[in-house]
Amino acid sequence: MTSALSVSAPAAPEGRRPRTAPAWVWALPPVAVLGLVFLYPLALVVRESLAPGAYADVLGSASFRDALVTTVWIAVAATAGCLVLGFALALVIAFVPFPGAKAVAKFIDVFLSFPSFLITLALLFLYGTVGMANGIWTDVTGAATGPFRFLTTPWGVLLAEVTYFTPFVMRPLLAAFSQMETAQLEVASSLGARPLRIVRQVILPEALPALAAGGSLVLVLCLNEFGIVLFTGAKGVTTLPTLVYGKAILESDYAAACVVAVVNVLLSTGLYALYRGVSRRAGA
């Protein structure tokens, strides 16, 4: 038995669509938030850097040139170290069966969430002036001090950055290795190819896009790294981020700090565009 009272919604006129707000209206809130929290402060930094003579004074100073060279060579060297070490470790995890390989691969994902200063503190406990390595040396030899003092040098910063950023190379490599056809490796092995030749001629060509993507990301991160340089206590190592800190906080020279920050942003943005292009080609 059907109900005598039935209410139905009025049908919309045929060929007529319900009104919706224009697309630009929905874009206004995120654009407003982006402009408030990012674009406006960035515009203030750029405006402050345009103080009369600021660019000429900063770009012509020896401290800026030294910081730029130090930043670039540490970032390039750390990236190269991460690529070599990350490729070797990813090969072992992906292709050398050992107990706990899956757990190690999962730990790589967890490691990516660690703050950089945590790794630096761990290295200080190991190789610092009063660290374990120097303690063992003095206990064994009876010397007053230990020989390990490299953490406060550029080599200490380099070691810390390679240690921290290597998993950023390993992650895309492990993903690429998981998609490789094992039949290729089996055929190459059955034809008598040695492991090094298999790596060079079969695995490496497949891994190049992942290596390029991971290396580009590490290079961008190393250019902007501040915590590692600060926590190693390397007072003689001045990079662009630490130069910004010194100019703004220690010297209260905000115009010079903004000039260095703008240069650092331009470098990072250019490398990030390169990273996105490489990642797009690699399918990451």
Side-chain angles (χ1 to χ4, degrees), residues 58-89 111-112 114-170 214-251 253 256-257 259-261 263-264 267-268 271:
V58 173
L59 299 182
S61 64
S63 59
F64 172 79
R65 293 194 298 269
D66 292 342
L68 179 61
V69 171
T70 301
T71 302
V72 172
W73 88 255
I74 288 181
V76 172
T79 302
C82 291
L83 288 174
V84 174
L85 183 59
F87 183 70
L89 293 177
F111 188 92
L112 297 179
F114 288 179
S116 59
F117 69 83
L118 182 63
I119 306 303
T120 309
L121 285 178
L123 291 176
L124 286 174
F125 282 127
L126 288 175
Y127 303 110
T129 305
V130 292
M132 293 176 58
N134 282 321
I136 294 174
W137 179 273
T138 55
D139 290 342
V140 172
T141 63
T145 59
F148 302 101
R149 299 179 179 276
F150 62 89
L151 277 184
T152 56
T153 68
W155 302 109
V157 176
L158 185 61
L159 173 63
E161 292 194 356
V162 170
T163 303
Y164 179 68
F165 289 115
T166 293
F168 289 81
V169 173
M170 295 176 63
S216 301
L217 176 60
V218 168
L219 185 60
V220 173
L221 295 175
C222 288
L223 281 175
N224 296 288
E225 182 55 42
F226 175 76
I228 286 178
V229 182
L230 183 66
F231 273 82
T232 54
K235 297 181 180 179
V237 179
T238 303
T239 60
L240 291 180
T242 58
L243 184 61
V244 172
Y245 174 81
K247 292 292 185 182
I249 305 301
L250 303 181
E251 301 178 19
D253 190 352
V259 170
V260 180
V263 173
N264 203 4
L267 281 175
S268 302
L271 285 173

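Note that this is a predicted model, so its numbers are computed, not measured.
The distance from the OH atom of Tyr127 to the CE atom of Met132 is 9.5 Å, given to the nearest 0.5 Å. Separation of atoms CG (Leu243) and OG (Ser61) is listed at 7.5 Å; rounding is to 0.5 Å. Rounding to the nearest 0.5 angstrom, the gap separating the CG atom in Asn224 from the CG atom in Leu219 is 9.5 Å. With rounding to the nearest 0.5 angstrom, the CD1 atom of Ile228 is 11.0 Å from the CG atom of Leu121. Put simply, CZ on Phe148 and CD1 on Ile136 are 9.0 Å apart, with the number rounded to the nearest 0.5 Å. With rounding to the nearest 0.5 angstrom, the CG atom of Leu223 is 9.0 Å from the CG atom of Leu221.
In this structure, the side chains of Asp66 and Val69 stay at 4.5 Å or more apart for every pair of heavy atoms. A 4.5 Å side-chain heavy-atom check between Val157 and Thr239 finds every atom pair outside the cut-off. Contact of the Pro241 side chain with the Asn264 side chain is registered, since non-hydrogen atoms from C-beta on lie closer than 4.5 Å. Within the 4.5 Å cutoff, side-chain heavy atoms of Phe64 are placed close to those of Val263.
Nearest heavy atoms, Leu124 versus Thr232: CD2-O, 4.4 Å. Shortest non-hydrogen contact noted between Leu68 and Leu240 is CD1-CD1, 3.9 Å. Of all heavy-atom pairs spanning Gly86 and Val169, the tightest one is CA-CG1, 4.5 Å. Residues Gly215 and Leu83 approach most closely at CA-CD2, 3.8 Å, considering heavy atoms.
For Thr79, the side chain to side chain donor-acceptor pair (under 3.5 Å) test picks out no residue, with sequence neighbours left out.
The aromatic rings of Phe231 and Phe117 lie parallel to each other, their planes meeting at an angle below 30°, with 60° marking the opposite boundary.
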Between side-chain atoms of residues 160-168 and protein atoms elsewhere (two or more places apart, or another chain), which donor-acceptor pairs fall under 3.5 Å?
unit_1 : atom_1 : unit_2 : atom_2 : d
Thr163 : OG1    : Leu159 : O      : 2.7
Tyr164 : OH     : Phe114 : O      : 2.7
Thr166 : OG1    : Val162 : O      : 2.4

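Side chain of Thr120 to backbone of Ser116: a donor-acceptor contact under 3.5 angstrom is found. Between the Arg65 side chain and the Gly60 main chain, a donor and an acceptor come within less than 3.5 Å of each other. Asn134 places no side-chain N or O within donor-acceptor distance of the main-chain N or O of Thr145, the cut-off being under 3.5 Å.
Within 6.0 Å of the OH atom in Tyr245, the count of heavy atoms belonging to other residues, nucleotides or ligands does not exceed 12. Taking a 6.0 Å sphere around CH2 of Trp155, one finds it holds 12 or fewer heavy atoms contributed by other residues, nucleotides or ligands.
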Practice problem: Check the pair Thr71, Leu267 against side-chain contact (heavy atoms from CB on, under 4.5 Å), reporting the backbone distance first and the verdict last. | Solution: CA-CA 11 Å; Thr71 302; Leu267 281 175; over 6 Å; no
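Applying the salt bridge (charged side-chain N to carboxylate O under 4.0 Å, His left out) test to every pair with at least one member in residues 238-251, sequence neighbours left out, gives these pairs: Lys247-Glu251.
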